[in-house]
Each structure stands twice: as structure tokens, then as C-alpha cells.
*Asks:* 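Before I ask anything, let me first share the structure, which is written out below as C-alpha cells.
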Amino acid sequence: METRELTCIGCPMGCLLTVEIDKGEVTSVTGNTCPNGERYAKKEVTNPTRIVTSTVVIRNGDKPRLSVKTKSDIPKSKIFDVMKEIDAARIDAPKKIGDIIIENVAGTGVPVIATRNVEIK
Ligand code: SF4
């Protein structure tokens with residue numbers, strides 16, 4: 001039996017969750033104020049995922065970098081690989097919100113998309 005403490009990231013209340021784990025299975029979650037906390041704790045323990053946000057160097061743009069994010073959650077274990085690929089990317093202006101900047105980042109099946117507009121300077 002293992003006990004883990006997590007802070008729920010579901011809303012600004014940030015409830016402190018206590019999670020009991022037995023043989024890799026969540027057996028109890030306490031400290032949550034709403035059911036989302038239990039869902040978050042179970043997912044965080046068994047299959048943690050995150051949206052990654054960052055910036056990419058953009059050539060000939062009216063701004064030096066383009067803000068980007070993964071279009072959906074990626075496995076937490078892939079964050080380093082995703083950041084490495086985003087850091088290495090070089091793209092050309094113009095780009096607009098929602099444009100795909102990297103397809104299938106780090107083999108996750110998830111694209112990285114633009115979250116702002118950058119025009120040609
Ligand atoms: S358990 Fe519910 S109320 Fe508490 S931080 Fe998570 S989402 Fe918010």
C-alpha cells in the first residue's frame with residue numbers, strides 16, 4: 001500500500017488530495033471537494049498527461065518567437081522529448097492561431113499549434 005499527496009489542478013481551489021494506491025490501483029481518494037478531484041487523482045497516478053506550452057523561433061516575423069501549445073494532452077513521460085523538438089524547430093512567418101507548427105510531436109500523435117498570430121515584418 002502506498003500513499004501519495006497531490007494538489008488538484010482542476011480549479012484555483014487547489015485541493016490537497018490524499019491517494020491510496022495498492023498494486024498500482026487507486027483504492028481511495030480523499031481531500032477532493034468535487035468529483036473532478038477524484039478523476040484527476042486517478043489519471044495522475046495511472047496515466048499522467050499534460051498540455052505543453054512553449055515558444056518557437058520564427059524567421060522574418062514581427063515578433064521573434066511564436067507561442068505554441070500541444071493541441072491536446074501528451075503523456076507526462078514525453079514532455080522532455082516534446083520540448084526538445086519544439087526548441088529545435090525553426091519556422092517562417094506568417095503564422096496564425098491554430099496553424100500546425102509540428103505534426104505528431106515526438107511521436108505522440110499530437111500536433112503542436114500556434115497560439116498567437118505573427119505577421120511578416
Ligand atoms: S477537487 Fe474539485 S474543487 Fe478541488 S481543486 Fe479539484 S476541481 Fe477544484
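Start at 1 and go down the list; that is how both ligands and their atoms are numbered. The first residue of the sequence shown is numbered 1, and numbering continues consecutively from there.
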*Asks:* Regarding K84 and D87, does a basic nitrogen lie under 4.0 Å from an acidic carboxylate oxygen?
*Replies:*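 D87 and K84: not salt-bridged.
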
*Asks:* So that I can tick it off, tell me whether K42 and E25 are bridged by a salt bridge, with the cut-off set at under 4.0 angstrom between side-chain N and carboxylate O.
*Replies:*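 The answer is no: the pair does not qualify as a salt bridge.
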
*Asks:* Who's the nearest protein heavy-atom neighbour of atom 7 (S) of ligand 1, and how far?
*Replies:*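 The protein heavy atom lying closest is C34 SG, 3.6 Å.
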
*Asks:* Which atom names give the shortest non-hydrogen contact between V68 and I86, and what distance separates them?
*Replies:*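 V68 and I86 have their closest heavy atoms at CG2-CG2, 4.2 Å.
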
*Asks:* Distance from E44 atom CD to I9 atom CD1, nearest 0.5 Å?
*Replies:*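 Result: 6.5 Å between the selected atoms.
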
*Asks:* Could you tell me, atom by atom, which parts of ligand 1 come under 4.0 Å of a heavy atom of G37?
*Replies:*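 Within the 4.0 Å cut-off of G37, ligand 1 contributes 1 (S).
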
*Asks:* Need the ligand 1 atom indices (1-based, order shown) with element for anything under 4.0 Å from a heavy-atom of G14.
*Replies:*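 Listed by number with element: 5 (S).
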
*Asks:* Examine all N, O or S atoms of C8, backbone included, and report whether one is under 2.8 Å from atom 2 (Fe) of ligand 1.
*Replies:*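 For C8, the answer is no, given that no N, O or S atom comes within less than 2.8 Å of atom 2 (Fe) of ligand 1.
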
*Asks:* Report whether any nitrogen, oxygen or sulfur of C11 sits less than 2.8 Å from atom 8 (Fe) of ligand 1 (N, O or S, backbone or side chain).
*Replies:*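 Checking C11: at least one N, O or S atom is under 2.8 Å.
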
*Asks:* Kindly compute the distance separating CD1 (I101) from CD1 (I58), expressed to the nearest 0.5 Å.
*Replies:*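 One gets 7.0 Å once the value is rounded to the nearest 0.5 Å.
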
*Asks:* Give the residue, atom name and distance (to 0.1 Å) of the protein heavy atom nearest atom 4 (Fe) of ligand 1.
*Replies:*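 For this ligand atom, the closest protein heavy atom is C15 SG, 2.3 Å.
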
